[in-house]
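These notes concern the structure reproduced below.
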Amino acid sequence: MDYKVRTRVKQIVVDEAVPVGTDVTVLGLARTVRRSKEVAFIMVNDGSCMQDVQGVIDNPDNYPELEKILTGAAVRMKGTLVESQGKGQKFEIAVQSLDLIGEADATYPLQKKRHSFEFLREIAHLRPRTNTFGAVNRMRSRLAYAIHKYYQERGFFYIHTPIITASDCEGAGELFRVTTLDLDNIPRVDGKINWDEDFFASEAFLTVSGQLEGELLATALGDIYTFGPTFRAENSNTARHASEFWMIEPEMAWAELDDDMDLAEDFLKYLFRYALEECGDDMAFFGKWIDKELIGTLESVVASDFERITYTKAIELLEKSGQKFEYPVQWGVDLQTEHERYLTEKTFKKPVIVYDYPLDIKAFYMRVNDDWKTVRAMDVLVPRVGEIIGGSQREERLDVLQEHMKRKGITDYEPYSWYFDIRRWGSMPHAGFGLGFDRVVMYITGMANIRDVLPFPRVPRWAKF
RNA sequence: UCCCGCGUAGCUCAGUCGGUAGAGCAGCUGACUGUUAAUCAGCGGGCCGCUGGUUCGAGUCCAGCCGCGGGAGCCA
């Protein structure tokens, strides 16, 4: 049996690259079968695109296996491509043969009806076969490609930072531990765990960020980016947090905060434009079924400039807004979700970049401003999703870095020796940020829950499939 | 981790004042139709999350537990 002869549904209905009259073989899953005495219709989807292709069977009585082709069955359909007599599709296939390859009986959980996203999460092994999750997974692939395209075309090098890390000083949340020790029989010395006996002869964790290593590579290669999985063991139970997620972290040598913000804005707009221009049929689906305002929102964001305001200005605006917030606004406290949403959804109605945050609420590696009150940090906030990018200009001055760390109570410099070394020799200004890939996919598709943009999400109490 | 809500048929849900379990979809049977998640008629389908309590009687009220969802914090 030759499976290579098949024609993808996308070539027929999206690209319209198959001439009428061509004999085609379509391999895919039956979505619905409508049968009567004189004629039967079968919708087949092969995952290559959103749309199904319709097969028309003029003499259903000659196809006894048709009775066994229920929703979800894998079928091979051969026939001639013709212009459709009916409404709703341009082309259809006049079926000459139809074979049942893999049966799906009535217990198949995906029926031709709307299922709740909550139910579909429980059958994550099957949900890619639905319209919504087929579209989401196609979008993830297309956007991942767009990310590489964007950076490669601009001279950034794709680098691979370690997923296993020995330093728990990455400073971005709780870490998952990696060990080969026998947990029922942990070796101890003086009552403490003897990490010398563990696989790496030290404690080891899953990375929460590739940034620190990214900085090292940037000082050598110029502009770099990472794109890989990231792990946070936070007990976060929200629609926008996952324990395992994908992050893009560009890092530019010879760059300051303005350059960082320029890159962030240009990069996001590029991805939005790419989705609108290159993923039309899937985006049309999201615009119709997930969020009616989606396309318009993305188009207006691409056309407009992101608002850029200092943290201090943001606090002023929130104080003057007259809005009652659950968490009172005050210079020095971090912006709460309600504050971020007010800025993006009410004040500006578009993405907002807030920069120059108070030194006390940001990480030690961010470049200190001369007043020693603020650091060169920036967050990109978007309506609905919230923080989508967090970044900063890095502290390149060794003495200032160490003074900053001292003020933050970090006194053990030993784990940071290599981080200090690139400031000790040939230090230069550099900046970068982290973009949550899954949050971008949420924003672009309109999907409201991060568990529905990851094929197999990992969140507290859930690591199935 | 905290606050709130929910858990009933394969799925989506209703279930009044505490009185012996209901609809739509899917499936099955049949009819009909160039149909579009087709339509029409009929049929089958239940550990009401678990444990305990109140009561003559609990899907319904109470407590605990488990699970899920929404919001918050942490953050991308």
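Residue numbering restarts at 1 for every chain, and letters A, B, ... go by the order of the sequence lines. Note: hydrogens, waters and symmetry copies are ignored here, and every other heavy atom, side chains too, is used.
- The salt bridge (charged side-chain N to carboxylate O under 4.0 Å, His left out) pairs that include a residue from residues 130-149 of chain A are A:R138-A:D282, A:R140-A:D438, A:K149-A:E153, where partners are two or more places apart or lie in different chains.
- Under 3.5 Å, the side chain of A:R439 and the base of B:C75 form at least one donor-acceptor pair of N or O atoms.
- Counting only N and O atoms by type, the side chains of A:Y150 and A:D266 include a donor and acceptor under 3.5 Å apart.
- Salt bridge A:R35/A:D61: present, at least one basic N to carboxylate O contact under 4.0 Å.
- The distance from the CG atom of A:L206 to the CD1 atom of A:I163 is 8.0 Å, given to the nearest 0.5 Å.
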Output a table of nitrogen or oxygen pairs between the protein and nucleotides 9-15 of chain B separated by less than 3.5 Å.
| from | atom 1 | to | atom 2 | distance (Å) |
| --- | --- | --- | --- | --- |
| B:C11 | O2' | A:K113 | NZ | 2.7 |
| B:C11 | O2 | A:K113 | NZ | 2.9 |
| B:U12 | OP1 | A:S116 | OG | 2.8 |
| B:U12 | O4' | A:K113 | NZ | 3.4 |

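- Closest to the side chain of A:Q89, out of B:A76, B:A38, B:U36, is B:U36.
- Sorted by residue number, the members of residues 239-249 of chain A with any non-hydrogen atom under 4.0 Å from RNA chain B read A:A239, A:R240, A:H241, A:A242, A:F245, A:M247.
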Below 3.5 Å between N/O atoms, which protein atoms pair up with nucleotides 1-6 of chain B? Just atom names and distances, please.
| from | atom 1 | to | atom 2 | distance (Å) |
| --- | --- | --- | --- | --- |
| B:U1 | OP1 | A:N235 | ND2 | 2.8 |
| B:U1 | O4 | A:N235 | O | 3.2 |
| B:U1 | O4 | A:N237 | ND2 | 2.6 |

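- The environment of A:K269 atom NZ is dense: over 12 non-hydrogen atoms of other residues, nucleotides or ligands sit within 6.0 angstrom.
- Taking every heavy atom of residues 126-138 of chain A and every atom of RNA chain B, no pair lies under 4.0 Å.
- From A:N137, atom CG reaches atom OG1 of A:T132 across 11.0 Å, with rounding to the nearest 0.5 Å.
- Both the sub-6.0 Å distance and the 45° axial angle are not jointly satisfied by A:R154 relative to the ring of A:F267.
- Applying the salt bridge (charged side-chain N to carboxylate O under 4.0 Å, His left out) test to pairs two or more places apart or on separate chains, those with a residue in residues 80-92 of chain A are A:E16-A:K90.
- Around the NZ atom of A:K408, the shell of radius 6.0 Å holds more than 12 heavy atoms that belong to other residues, nucleotides or ligands.
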